[in-house]
Each structure stands twice: as C-alpha cells, then as structure tokens.
There are 2 protein chains.
Amino acid sequence: MHGPQAWAEVAEAMLREHGHKASGPRSAVLESIGRQSCVVTAQDLAVDLKRRKKKVGIATVYRTLEVLEDLKLVQRLDLGTESARYEPAMPDGRHHHHHFVCRDCGDVIPFEDDALERAIEALGRRLSASVEEHDVILKGRCPDCEK
Amino acid sequence: MHGPQAWAEVAEAMLREHGHKASGPRSAVLESIGRQSCVVTAQDLAVDLKRRKKKVGIATVYRTLEVLEDLKLVQRLDLGTESARYEPAMPDGRHHHHHFVCRDCGDVIPFEDDALERAIEALGRRLSASVEEHDVILKGRCPDCEK
DNA sequence: ATACGTGCAAAATGTTTGCGGCTCA
DNA sequence: TGAGCCGCAAACATTTTGCACGTAT
C-alpha cells in the first residue's frame with residue numbers, strides 16, 4: 001500500500017471506470033476505509049464517519065463495501081463470532097497478508113510470510129480445483145496477553 | 001476419525017469427565033454431529049434431529065456446540081457470509097484438515113497438506129506470539145463448477 | 001437435594017431491503 | 001432526464017438469554 005491516500009484514489013478511479021457515480025457519502029466511506037490500517041467492521045467505519053462529522057447511513061456503508069468487494073478493492077474476513085471485517089486491498093493482490101487473532105484481547109495482527117504463500121501456491125496446483133483466493137487465520141495469544 | 005460412532009463416544013466420555021450430565025437431547029445432538037462428515041450449521045443439525053424424530057430446541061443445539069467447542073471436540077469455522085459451521089474434531093488435533101470453498105455452488109471440500117502444516121509451524125516459531133490454532137480457507141471453483 | 005440441562009419465547013446482533021426522494025452525469 | 005445513490009426504517013437471519021420447569025447424580 002502506498003499510503004491511505006493512494007488507495008482511496010485508486011478506488012475512486014476504479015469505481016468511476018466501472019460506471020459508478022461519485023457522491024459525498026461514498027467518498028467519505030472511501031476515506032474512512034483508506035485511513036484504517038487493517039480489518040475494520042462496518043460499525044468501526046460508522047464511528048469514524050461520525051467523528052469526522054460525515055452523516056452517512058449504515059446502509060450506505062454496507063452498500064459501498066459490497067461494491068468494493070466485487071471490484072476486489074476490499075477483502076472481507078470472518079474472524080470468529082463477531083461481525084465481518086473488511087480491509088482495503090489492491091485488486092492485483094499486491095501486499096497480500098494474513099492475520100493473527102489474539103484470543104484474549106481480540107487484537108488482530110497482520111503478517112506476511114513467503115514460505116506460506118509458496119506452500120499454498122504449490123497446494124493449489126496439487127488440488128484439482130482452481131484456487132483463486134486464500135485466507136490464513138492464526139489464533140493464539142499475542143505478546144501483550146502472554147504472561 | 002475412526003468413524004462417527006467413535007467420535008460420539010469420545011465426546012460423551014469427555015463430557016462426563018468434565019462434570020457434565022448425560023441427557024437425551026444432548027446425546028441426540030452428539031449423534032447428529034458424529035454422523036455429519038464435515039462443516040455443518042446449527043440449522044443442519046436441527047434438520048437432522050427433526051428427521052430422526054428427536055425433539056431438541058435450537059438453543060440446546062447451540063449450547064451443546066458451545067460446550068463441545070470449549071473442549072475442542074468441535075471446531076467452529078466461519079466461511080463467508082453464511083452462518084457459522086461446525087465440525088467434529090479430536091481434542092489432540094489428530095486428522096487435522098482445512099477447507100476449500102467453491103464460490104459457485106458453495107460446496108466445502110476438505111483437504112490435508114503436510115507442506116502447508118510445516119510452513120505454518122515454522123511461521124509460528126518465527127512470530128513472537130504463541131500460535132495455538134490455525135485455519136486455512138481456499139476459495140475458487142470446484143471441478144464440477146469449472147467449465 | 002441440587003446443580004445442571006431444557007424448551008420456549010423474547011431479546012440482541014448484524015446485515016439486507018423497500019421506498020420515496022435526491023443528485024450526479 | 002434518468003440511472004444510480006441516499007437515508008430511514010422495517011424486515012431478516014442467526015445466535016443468545018431469561019425463566020420456569022425437569023432430571024441426572
């Protein structure tokens with residue numbers, strides 16, 4: 001990612017490209033997503049919007065996330081029981097990463113690992129199905145919660 | 001897994017060991033879980049129970065799943081938007097596997113891969129957090145849906 | 001006897017949808 | 001002008017919880 005600004009710009013451009021209209025609420029949502037580093041819920045976005053005095057209905061947040069997901073500009077993650085989480089992504093899959101979830105404090109820590117990616121790639125070739133996407137979720141205790 | 005029968009027996013024994021009482025509804029739920037091969041929803045279990053003429057409230061299904069999850073006798077998975085899914089497991093982690101989800105038909109196909117497990121194990125050592133559990137979810141098109 | 005389990009129905013979430021009105025292109 | 005977008009509130013779906021009653025130990 002080249003900074004939050006970059007993502008919002010790419011997203012805005014790609015939306016236009018795909019025949020979507022510009023609008024105040026929608027770009028406010030894009031801004032909010034872009035400034036979040038990783039895995040936020042729709043509620044998190046709503047809170048951020050409110051803090052920035054942007055009046056955006058929750059439905060619009062969800063509808064925007066849906067469009068962005070279709071364009072692969074956000075990735076949706078389901079980590080455990082809570083609500084779905086979303087994070088900005090580049091459609092070409094650059095800066096791919098995965099997540100560690102602390103079972104005590106609930107913190108989500110992103111990480112990258114080349115060996116893991118290679119193992120999954122090799123696995124994809126071995127399986128008789130075409131693998132387009134993958135998620136790896138590690139669970140345990142984060143350094144802070146380990147006593 | 002040594003057959004569905006075996007799992008239900010192990011589960012029943014372990015529940016007793018942990019001070020839980022035996023009951024008709026609960027063992028009916030255990031049976032239902034044991035006979036399912038992989039990743040079922042609470043609703044799936046309710047349907048199976050009804051078909052077998054067992055009258056068990058949905059709350060009991062959820063409460064039983066919760067207890068089993070605490071004892072690591074079932075693993076809970078969140079695959080996409082639908083409801084949570086559960087599958088029988090052995091508490092020692094034997095017969096560990098992961099899942100491929102077809103984005104067209106929604107089918108879930110289990111698979112095992114040693115290289116992947118090794119990569120995750122090495123990764124766990126590299127990270128400064130203690131990894132206790134991991135899930136890998138692949139998404140794509142299954143052989144049937146690929147044209 | 002009593003702590004645990006159960007069913008029911010209500011509540012609590014989280015997410016989607018219908019609709020009338022508004023706005024960008 | 002007209003297709004898309006908006007906010008609101010109602011609808012939905014899934015899961016949790018309170019409560020009075022039952023039952024295994």
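So that the names make sense, note that chain A is the first sequence line, chain B the second, and so on, each numbered from 1.
Of all the heavy atoms in B:Leu45 and B:Gln36, the pair that sits closest is CD2-CG, 4.1 Å.
For the pair A:Lys54 NZ and D:dC6 C1', the computed distance is 16 Å after rounding to whole Å.
With values rounded to the nearest 0.5 angstrom, B:Phe111 atom CZ is found 5.0 Å from A:Leu123 atom CG. Taken to the nearest 0.5 Å, the OG atom of B:Ser32 stands 8.0 Å off from the CZ atom of B:Arg51. Put simply, CZ on A:Arg35 and CZ on A:Arg52 are 4.5 Å apart, with the number rounded to the nearest 0.5 Å.
Scanning residues 38-49 of chain A for heavy-atom distances under 4.0 Å to DNA chain D yields an empty list. At a non-hydrogen distance threshold of 4.0 Å, A:Lys21, A:Ala22 from residues 15-22 of chain A come into contact with DNA chain C. For the contact set between residues 100-109 of chain A and DNA chain D, defined by any heavy atom under 4.0 Å, there are no members.
Between B:Ile33 and B:Tyr86 there is no side-chain heavy-atom pair separated by less than 4.5 Å. For the pair A:Leu116/B:Ile120, a side-chain contact is recorded, criterion being any heavy-atom separation below 4.5 Å from C-beta on.
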Begin with the C-alpha distance, continue with both residues' side-chain angles, and end with the deciding distance and a verdict on side-chain contact (heavy atoms from CB on, under 4.5 Å) for A:Lys54 and A:Asp48.
-> CA-CA 9 Å; A:Lys54 310 284 185 179; A:Asp48 183 66; over 6 Å; no
Start with the C-alpha distance between A:Lys50 and A:Val47, add both sets of side-chain angles, then the distance that settles side-chain contact (heavy atoms from CB on, under 4.5 Å), and finish with yes or no.
-> CA-CA 5 Å; A:Lys50 188 165 284 180; A:Val47 168; 5.8 Å; no
Should B:Asp113 and A:Leu127 be marked as a side-chain contact (heavy atoms from CB on, under 4.5 Å) after you check the CA-CA gap, both sets of side-chain angles, and the distance that decides it?
-> CA-CA 10 Å; B:Asp113 191 76; A:Leu127 296 176; over 6 Å; no
Decide side-chain contact (heavy atoms from CB on, under 4.5 Å) for A:Asp144 and A:Asp104; before the verdict, give the C-alpha distance in whole Å, the side-chain angles of both, and the deciding distance to 0.1 Å.
-> CA-CA 10 Å; A:Asp144 286 349; A:Asp104 282 359; over 6 Å; no
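The outermost nucleotides of DNA chain C lying under 4.0 Å from heavy atoms of chain B, listed 5' to 3', are C:dA3 to C:dC8.
The side-chain contact (heavy atoms from CB on, under 4.5 Å) test with A:His99 singles out one residue from A:Asp135, A:Val39, A:Leu138, A:Ile109, and that residue is A:Val39.
A salt bridge (charged side-chain N to carboxylate O under 4.0 Å, His left out) check over residues 13-25 of chain B, counting only residues at least two apart or in different chains, returns nothing.
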Review item, nucleotides 7-9 of chain D N/O atoms under 3.5 Å of protein N/O:
{"from": "D:dG7", "atom 1": "OP1", "to": "A:Lys55", "atom 2": "O", "distance (Å)": "3.0"}
{"from": "D:dG7", "atom 1": "OP1", "to": "A:Gly57", "atom 2": "N", "distance (Å)": "3.3"}
{"from": "D:dG7", "atom 1": "OP2", "to": "A:Gly57", "atom 2": "N", "distance (Å)": "3.3"}
{"from": "D:dG7", "atom 1": "OP2", "to": "A:Thr60", "atom 2": "OG1", "distance (Å)": "2.1"}
{"from": "D:dG7", "atom 1": "N7", "to": "A:Arg63", "atom 2": "NH2", "distance (Å)": "3.1"}
{"from": "D:dG7", "atom 1": "O6", "to": "A:Arg63", "atom 2": "NH2", "distance (Å)": "3.0"}

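When the side chains of ILVMFWY residues are joined at heavy-atom separations under 4.5 Å, either directly or via intervening members, B:Leu77 and B:Val29 end up in two distinct hydrophobic clusters.
Using a distance-only test at 3.5 Å, with no hydrogens or angles considered, a donor-acceptor pair links the side chain of A:Thr41 to the main chain of A:Asp44.
Classified by interplanar angle (parallel below 30°, tilted 30° to 60°, perpendicular above 60°), the ring pair A:His96/A:His134 is perpendicular.
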